[in-house]
**Q** 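Dumping the structure here so I can ask a few things about it.
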Amino acid sequence: FHHVNAASNAEEQQLEALGASRHARDTFGPGEAAPVNSNSNKLDASAIRQVAGKLVNGCSTSSTTLTKAWLMMHYRTTKTILSKPQRRGLITAIQQHVKDIVLSYNDDDKLTEMATVLSTYACDSNDTNDKDALISDAMHQSATSLITSLGSIASAFDPSVDDPEEEEMKPHVVARRLCADDLATSFIIKLQ
């Protein structure tokens, strides 16, 4: 996870430096090589998402690790809701993970921990001197994409109509609690 974040930061800085201005690209002196904008240096987002999906099964005890695996599953995905097969697949996968893993936690502190990790990547900026603590734009976008998936799952539960004890509603109840209670509280704390 940290390697993907660091590599994303490096990739973003390289692209920013390369595309800063026409003047920056054209002012290399004799014998100096301009940075190469090569696709071979880019991270393979699809491979990262596939590996993350496989890592989820090993996250049965750590809610922090599960949240980071979910973030990597959403690496460089669109935030479009339900109109893309990719988004539908992410929602289905996250819903299944909630059912298979998160419900087994049976611990409110683990949901709070998940919300804290997610809000860190959604809210924190790159305005820090600690290079290891820099959150790449790609990871920030992964966090907002994951929130979109969780929100879509949560929206299927209406507490005024649905029974929270119904087995098929439980993943929706957990996603709703994560979004509406724990994540909202974590955002408030981060933004104070």
Side-chain angles (χ1 to χ4, degrees), residues 1-2 4-5 45-124 135 138-192:
F1 179 82
H2 295 292
V4 171
N5 185 49
S46 178
I48 290 169
R49 290 191 300 268
Q50 288 174 7
V51 168
K54 301 223 182 281
L55 290 174
V56 168
N57 295 330
C59 301
S60 60
T61 58
S62 173
S63 56
T64 297
T65 305
L66 177 62
T67 306
K68 288 180 177 181
W70 282 356
L71 285 167
M72 290 194 324
M73 284 176 62
H74 285 77
Y75 186 77
R76 302 214 188 229
T77 59
T78 68
K79 287 173 230 30
T80 307
I81 299 175
L82 292 180
S83 64
K84 303 267 185 195
Q86 181 185 62
R87 174 62 54 199
R88 287 191 301 271
L90 288 167
I91 290 168
T92 301
I94 298 298
Q95 185 172 340
Q96 192 63 45
H97 298 156
V98 169
K99 185 177 180 181
D100 295 344
I101 300 170
V102 179
L103 287 175
S104 70
Y105 289 160
N106 203 20
D107 183 358
D108 290 344
D109 290 341
K110 293 220 181 215
L111 287 179
T112 303
E113 190 177 290
M114 293 174 84
T116 301
V117 171
L118 184 51
S119 67
T120 296
Y121 288 92
C123 291
D124 285 0
I135 295 172
M139 282 300 163
H140 171 77
Q141 291 171 9
S142 295
T144 58
S145 180
L146 175 53
I147 292 168
T148 300
S149 293
L150 288 168
S152 180
I153 295 165
S155 69
F157 174 72
D158 181 357
S160 64
V161 177
D162 297 318
D163 179 13
E165 296 303 317
E166 191 175 313
E167 199 62 35
E168 77 176 41
M169 280 289 128
K170 286 184 179 183
H172 304 284
V173 172
V174 169
R176 185 178 189 283
R177 174 167 169 223
L178 189 58
C179 289
D181 298 336
D182 296 325
L183 198 52
T185 301
S186 192
F187 281 150
I188 290 168
I189 291 168
K190 288 259 180 221
L191 296 174
Q192 287 181 342

**Q** Could you tell me whether the side chains of His74 and Gln141 share a donor-acceptor contact shorter than 3.5 Å?
**A** no
**Q** Thr65 versus Lys68: any side-chain heavy-atom pair under 4.5 Å?
**A** no
**Q** Does a side-chain heavy-atom distance below 4.5 Å link Asp108 with Arg177?
**A** yes
**Q** To the nearest 0.5 Å, how far apart are CG in Asp182 and CZ in Arg176?
**A** 12.0 Å
**Q** List the atom of Tyr75, the atom of Arg49, and the distance in Å for their closest heavy-atom pair.
**A** O-NH1, 2.7 Å
**Q** Are side-chain heavy atoms of Thr77 and Ser142 found at a separation under 4.5 Å?
**A** no
**Q** Would the distance check show the side chain of His140 and the main-chain N or O of Ala122 forming a donor-acceptor pair, the cut-off being under 3.5 Å?
**A** yes
**Q** Does the side chain of Leu118 come within less than 4.5 Å of Leu150's, by heavy atoms?
**A** yes
**Q** Taking all heavy atoms of Lys190 and all of Ser119, pick out the closest pair and write down the distance.
**A** CE-OG, 3.7 Å
**Q** From Leu66 CG over to Glu113 CD, what is the distance, rounded to the nearest 0.5 angstrom?
**A** 10.5 Å
**Q** Can you check whether Ser149's main-chain N or O pairs, donor with acceptor, with Ser152's side chain at less than 3.5 Å?
**A** no
**Q** Which heavy atom of Ala143 sits nearest a heavy atom of Tyr121, and at what distance?
**A** CB-C, 3.7 Å
**Q** Would Ile94 and Leu146 satisfy side-chain contact (heavy atoms from CB on, under 4.5 Å), going step by step from the backbone distance to the final call?
**A** CA-CA 9 Å; Ile94 298 298; Leu146 175 53; 4.2 Å; yes
**Q** If every non-hydrogen atom of Ala115 is compared with every non-hydrogen atom of Ser186, which pair is closest and at what distance?
**A** O-OG, 3.6 Å
**Q** Taking all atoms of both residues into account, what is the closest heavy-atom pair of Cys179 and Gly151, and its distance?
**A** SG-N, 3.7 Å
**Q** Supply the atom-to-atom distance Asp181 CG to Leu111 CG, rounded to the nearest 0.5 angstrom.
**A** 9.5 Å
**Q** Mind checking whether Met139 and Val4 have side chains closer than 4.5 Å, heavy atoms only?
**A** yes
**Q** By side chain to side chain contact (heavy atoms under 4.5 Å, CB included), which residues pair with Leu55, not counting sequence neighbours?
**A** Val51, Met72
**Q** Go through the side-chain N and O atoms of Arg76 and Ser145 and say whether any donor and acceptor fall under 3.5 Å apart.
**A** no
**Q** Take a 6.0 Å sphere around NZ of Lys99 and say whether it holds more than 12 heavy atoms from other residues, nucleotides or ligands.
**A** no
**Q** Rounded to the nearest 0.5 Å, what separation is found between the NZ atom of Lys110 and the CG atom of Leu178?
**A** 14.0 Å
**Q** Please report the shortest heavy-atom distance between Ala69 and Val56, naming the atom on each side.
**A** CB-CG2, 3.9 Å
**Q** Which pairs pass side-chain hydrogen bond (donor to acceptor under 3.5 Å, both in side chains) with one or both residues in residues 155-166, sequence neighbours excluded?
**A** Asp158-Ser160
**Q** How many angstroms lie between OG1 in Thr116 and CD1 in Ile189, if you round to the nearest 0.5 Å?
**A** 7.0 Å
